[in-house]
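One structure below.
Order of the sequence lines fixes the chain letters, A, B, ..., with proteins taken first and strands second; residue numbering starts at 1 for each chain. We use all heavy atoms of the structure for the numbers below, so side chains are in, but hydrogens, waters and symmetry mates are not.
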There are 2 protein chains.
Amino acid sequence: MKTTLRKIVMEARELFREHGYDGASMQDLAARVGLKKASLYTRFPNKEALVSEVLTLTLEETLKGLPDPREDWQLAWQTLIGRIAKTFETRKRCVGLHLAYGVTSVTPEAQAAVSQFFNVLRERMADILRLGGIPQPDSAAADILAQLEGATLWITTSGDVEPLRRAVKSASRLDVFGRKI
Amino acid sequence: MKTTLRKIVMEARELFREHGYDGASMQDLAARVGLKKASLYTRFPNKEALVSEVLTLTLEETLKGLPDPREDWQLAWQTLIGRIAKTFETRKRCVGLHLAYGVTSVTPEAQAAVSQFFNVLRERMADILRLGGIPQPDSAAADILAQLEGATLWITTSGDVEPLRRAVKSASRLDVFGRKI
DNA sequence: ATAAAATACTACCGACCGGTCGGGTGTAAA
DNA sequence: TTTACACCCGACCGGTCGGTAGTATTTTAT
């Protein structure tokens with residue numbers, strides 16, 4: 001991927017994270033990458049297409065080079081949870097959540113991309129838990145991800161990161177809904 | 001409160017919930033209540049002021065007529081959790097969460113209103129847990145609310161309400177992060 | 001009945017939105 | 001040297017945004 005293209009996607013991610021789908025403007029995005037708005041349309045057909053690019057990049061970064069869960073599933077699990085939580089803590093929010101609430105049926109491809117993003121993430125998490133012999137790994141993954149996402153609410157409203165920290169701890173110990181290790 | 005005023009606030013809530021702060025337009029709001037846009041400005045100074053009205057109404061509805069927790073804290077708890085979850089399940093989303101992500105520093109009063117909304121809600125939850133002798137009631141309330149909010153992610157992305165149902169069950173049993181009843 | 005206050009309307013404002021157009025410019029292959 | 005392509009730009013499109021001015025209509029209080 002060309003570096004300019006990657007930079008556009010990364011800046012788009014920041015804008016989506018901060019201002020949501022509606023609130024992010026192509027004008028702002030162009031300014032952040034040092035281009036004019038019209039130039040963006042040589043690389044992307046429209047604003048909606050940015051969504052799937054942003055989420056694909058994010059998924060890549062989140063999963064790339066994870067420890068092989070077949071060798072040490074607990075290490076893979078801690079690493080994955082740690083990556084997610086670190087992003088939430090430094091960026092204060094989750095792009096995916098903002099987009100999930102922000103895209104509607106008028107942008108169906110973006111909506112599909114968001115759904116897929118969270119499904120893939122949950123499946124990867126469930127894969128690891130399954131290797132660890134955790135019962136109902138799909139539900140457990142969904143619940144833990146929900147807890148992490150929900151914790152970002154407190155970061156954005158009051159700056160309190162403790163709920164996220166507690167969510168990470170409990171996810172590490174897997175003491176969620178009586179599924180303790 | 002005059003009925004028209006209340007209707008405006010209720011419709012504004014639906015718009016904020018569905019489209020977020022930026023995505024909700026005064027034009028749409030006016031159409032929903034059978035008025036012209038300019039007429040809204042005889043009741044509200046600006047769009048931002050709607051946020052605190054919406055959240056005040058929501059807090060009122062959520063807390064009004066709750067069973068007295070000093071008589072039966074478990075009943076009060078179940079009722080409160082049930083109300084929150086019912087709204088999430090029928091409306092698919094939480095207005096507060098959408099606004100929390102949607103308002104920024106350019107609308108400081110709205111931002112403050114959102115912070116206050118969640119703080120008050122958490123405090124009320126914590127009050128009940130305190131009466132029940134639950135350890136660290138503030139943290140417990142924050143964590144449980146986070147879990148409920150996070151569960152709405154799955155409702156909006158895939159329509160799956162099971163994470164929310166599990167969150168309600170675990171909240172009812174208070175088996176959160178090892179704080180089991 | 002009348003004055004005052006609330007509420008409603010039409011019409012408009014400047015700013016910004018996503019997106020398109022035609023015309024450049026630099027590079028690299030033929 | 002020509003051709004081709006990728007990229008970038010200023011200017012512009014129709015449309016929507018939050019908000020306002022001025023005026024008409026309805027409600028309320030005296």
> Does B:Cys94 offer a backbone N or O that forms a donor-acceptor pair with the side chain of B:Glu149 under 3.5 Å?
Replying inline: no
> So, the side chain of A:Thr87 versus the backbone of A:Arg83: is there a donor-acceptor pair under 3.5 Å, distance only?
Replying inline: yes
Every protein N/O within reach of nucleotides 15-21 of chain D N/O, cut-off under 3.5 Å:
unit_1: D:dC17; atom_1: OP1; unit_2: B:Ser25; atom_2: OG; d: 3.2
unit_1: D:dG18; atom_1: OP1; unit_2: B:Ala24; atom_2: O; d: 3.0
unit_1: D:dG18; atom_1: OP1; unit_2: B:Lys47; atom_2: NZ; d: 2.7
unit_1: D:dG18; atom_1: OP2; unit_2: B:Met26; atom_2: N; d: 2.9
unit_1: D:dG18; atom_1: N7; unit_2: B:Lys37; atom_2: NZ; d: 2.8
unit_1: D:dG18; atom_1: O6; unit_2: B:Lys37; atom_2: NZ; d: 3.3
unit_1: D:dG19; atom_1: OP2; unit_2: B:Tyr41; atom_2: OH; d: 3.0
unit_1: D:dG19; atom_1: OP2; unit_2: B:Lys47; atom_2: N; d: 2.8
unit_1: D:dG19; atom_1: N7; unit_2: B:Lys37; atom_2: NZ; d: 3.2
unit_1: D:dG19; atom_1: O6; unit_2: B:Lys37; atom_2: NZ; d: 2.7

> So among B:Lys92, B:Arg91, B:Lys7, which one has a salt bridge (charged side-chain N to carboxylate O under 4.0 Å, His left out) with B:Glu14?
Replying inline: B:Arg91
> For C:dA6, does OP1 or OP2 lie under 4.0 Å from any side-chain N or O of B:Arg43?
Replying inline: no
> According to a strict under-4.0 Å criterion, is A:Ser39 in side-chain N/O contact with OP1 or OP2 of D:dC9?
Replying inline: yes
Whole-Å distance between [N] [atom2] and [X] [atom1]?
X: B:Lys7; N: C:dT7; atom1: NZ; atom2: C1'; answer: 16 Å
X: A:His19; N: C:dC16; atom1: NE2; atom2: P; answer: 14 Å
X: A:Leu35; N: D:dC8; atom1: CG; atom2: C1'; answer: 8 Å
X: B:Phe44; N: C:dA8; atom1: CZ; atom2: P; answer: 11 Å

> What is the minimum heavy-atom distance between B:Ile128 and B:Ala76, and which atoms define it?
Replying inline: CD1-CB, 4.0 Å
>> Looking only at side-chain N and O atoms, does B:Thr104 offer a donor or acceptor that is under 3.5 Å from a partner on B:Tyr21?
In response: no
> Using a distance-only test with no angle check, is there a side-chain donor-acceptor pair under 3.5 angstrom linking A:Ser172 and A:Gln78?
Replying inline: yes
